[in-house]
Amino acid sequence: KKEKTDDLNSDERKPETERDGNPEPTDRSGEKEEGEVMIVTVPQNDYILGLADLTGELMRNAINSLSSGEMEACFVLLHLLQSIYSGFLMVQQDAPHQVSKKMYTLKQSLRKVEDACYAINVRGSEIPKSHLADIFEQSSDVPNFED
């Protein structure tokens, strides 16, 4: 029996590595092996806007790490947010208008994590660790005005 094919050539439906004659590495279960390099093309503007959105998730992760007692994670995420923010400052003039709108939210996220790290350093011994996350969760309930 012949299988019915649609308008696409069967080679066009295969992953690029299979079209080149190099089969994709798989394990015995047919799943891709770990460590495989995957190339994904993303438009530059989407990539930059995605990084800006990531900063909000990093801020939430930093605040949530306090509730599990992982104080060091909050400081690591602070340094990462500071690096991302300084990178955005360098490209802000040449970036699309959408990026400048995201900068406000990025700066808010950075500020919340800075405040949390400051409170841990200065007042950490005064506040029970179990209450740190509650304090910062309340301060992060600020409306999002980026859109």
Side-chain angles (χ1 to χ4, degrees), residues 1-121 124 129-130 132-147:
K1 283 185 172 180
K2 287 188 176 181
E3 290 184 29
K4 184 178 178 182
T5 58
D6 51 12
D7 294 337
L8 292 176
N9 182 339
S10 62
D11 273 352
E12 292 175 358
R13 288 182 278 154
K14 292 181 182 177
E16 187 174 328
T17 55
E18 286 185 25
R19 278 185 259 151
D20 295 341
N22 299 324
E24 290 186 348
T26 57
D27 64 12
R28 290 183 185 155
S29 67
E31 301 212 1
K32 293 182 182 178
E33 292 180 9
E34 284 189 43
E36 178 183 348
V37 175
M38 179 184 262
I39 298 172
V40 178
T41 304
V42 178
Q44 189 175 21
N45 289 346
D46 291 345
Y47 182 78
I48 291 170
L49 294 172
L51 282 177
D53 290 339
L54 173 67
T55 59
E57 298 304 320
L58 293 173
M59 179 271 301
R60 280 185 271 291
N61 191 335
I63 301 304
N64 288 337
S65 69
L66 296 175
S67 64
S68 60
E70 298 176 35
M71 305 300 170
E72 188 61 31
C74 193
F75 289 95
V76 170
L77 291 168
L78 171 63
H79 292 296
L80 179 57
L81 283 168
Q82 289 170 331
S83 296
I84 293 171
Y85 183 70
S86 66
F88 269 85
L89 288 176
M90 287 189 265
V91 299
Q92 185 178 11
Q93 291 103 3
D94 299 329
H97 177 66
Q98 296 166 319
V99 172
S100 61
K101 288 173 27 177
K102 296 264 185 186
M103 285 293 292
Y104 175 76
T105 305
L106 195 163
K107 190 169 184 173
Q108 277 186 318
S109 296
L110 176 61
R111 179 65 191 256
K112 290 172 194 172
V113 178
E114 285 174 337
D115 290 346
C117 289
Y118 175 79
I120 291 168
N121 275 339
K129 288 183 180 182
S130 60
L132 280 174
D134 295 334
I135 291 168
F136 298 119
E137 288 273 329
Q138 292 168 358
S139 68
S140 67
D141 292 338
V142 177
N144 184 353
F145 296 109
E146 72 181 36
D147 292 328

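All values derive from a computational prediction rather than experimental measurement.
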Do [X] and [Y] come close enough that some side-chain heavy atom pair is under 4.5 Å?
| X | Y | answer |
| --- | --- | --- |
| Phe88 | Thr55 | no |
| Cys74 | Val113 | yes |
| Thr105 | Asp53 | no |
| Ser100 | His97 | yes |
| Ile84 | Leu80 | yes |

With Val40 via side chain to side chain contact (heavy atoms under 4.5 Å, CB included) - residues at least two apart
Met38, Val42
Residues passing the side chain to side chain contact (heavy atoms under 4.5 Å, CB included) test with Leu110, sequence neighbours excluded, are Leu78, Leu81, Gln82, Tyr85, Glu114
Partners passing salt bridge (charged side-chain N to carboxylate O under 4.0 Å, His left out) against Glu57 (at least two apart in sequence or in another chain)
Arg60
Atom pair [atom1]/[atom2] of [X] and [Y] - distance to nearest 0.5 Å:
| X | Y | atom1 | atom2 | result |
| --- | --- | --- | --- | --- |
| Tyr47 | Gln44 | OH | CD | 10.5 Å |
| Leu49 | Leu54 | CG | CG | 12.5 Å |
| Tyr118 | Arg111 | OH | CZ | 10.5 Å |
| Leu89 | Leu106 | CG | CG | 8.5 Å |
| Met71 | Ser65 | CE | OG | 8.0 Å |
| Asn61 | Leu66 | CG | CG | 10.0 Å |

If you compare all heavy atoms of Ser109 against all heavy atoms of Met59, which two are closest, and at what distance to 0.1 Å?
O-CG, 3.6 Å
Worked check of side chain to side chain contact (heavy atoms under 4.5 Å, CB included) between Asn45 and Val99
CA-CA 8 Å; Asn45 289 346; Val99 172; over 6 Å; no
Please list, chain by chain and in numerical order, all residues satisfying side chain to side chain donor-acceptor pair (under 3.5 Å) with Gln98, sequence neighbours excluded.
none
